[in-house]
Amino acid sequence: MTKGQALAVALVCTGAMLFMLCVLAKVWGCWLPLALPAAVCWGIWYYKWRRDVRLSTQVQTDVTSTFVTPQAAPPISSTGSTRLFIPAPLEDRQPR
């Protein structure tokens with residue numbers, strides 16, 4: 001049962017119970033058969049809602065704790081070099 005289905009059944013059962021309590025107040029026990037399904041569906045909905053809140057909180061803490069601030073790139077030591085290719089210094093090159 002999904003969270004939405006549990007909420008819908010719980011609301012229908014609770015609404016029917018309240019209607020029976022207000023309209024059929026003379027017949028005391030007519031709402032009792034709806035009390036158990038309403039309580040079970042409210043319990044299912046609440047359990048799944050708390051699970052979703054816990055998971056979203058856990059994801060938020062995981063995202064913030066695993067984020068690493070990038071370090072600054074080291075300075076370029078050779079003239080004419082780029083971040084993708086750093087040529088060897090001129091004195092280390094071998095003649096062709």
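This one's a predicted model, so the numbers in the text were calculated from it and none came from an experiment.
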Considering only distance and modelled atom types, tabulate donor-acceptor pairs under 3.5 Å from the side chains of residues 51-58, sequence neighbours left out.
residue: D52; atom: OD2; partner: K3; partner atom: NZ; Å: 2.5
residue: S56; atom: OG; partner: D52; partner atom: O; Å: 3.2
residue: S56; atom: OG; partner: V53; partner atom: O; Å: 2.9
residue: T57; atom: OG1; partner: V53; partner atom: O; Å: 2.8

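Applying the side chain to side chain donor-acceptor pair (under 3.5 Å) test to W45 and every residue at least two apart in sequence or in another chain returns nothing.
Taking hydrophobic clusters as Ile, Leu, Val, Met, Phe, Trp and Tyr residues chained together by side-chain heavy-atom distances below 4.5 Å, L36 shares a cluster with I44. In terms of hydrophobic clustering, with Ile, Leu, Val, Met, Phe, Trp and Tyr side chains grouped at heavy-atom distances under 4.5 Å, L11 and W49 are assigned to a common cluster.
The distance from atom CG of L7 to atom OH of Y46, rounded to the nearest 0.5 Å, is 14.5 Å.
Across A10 and A38, no two heavy atoms sit closer than the pair CB-O, 4.3 Å.
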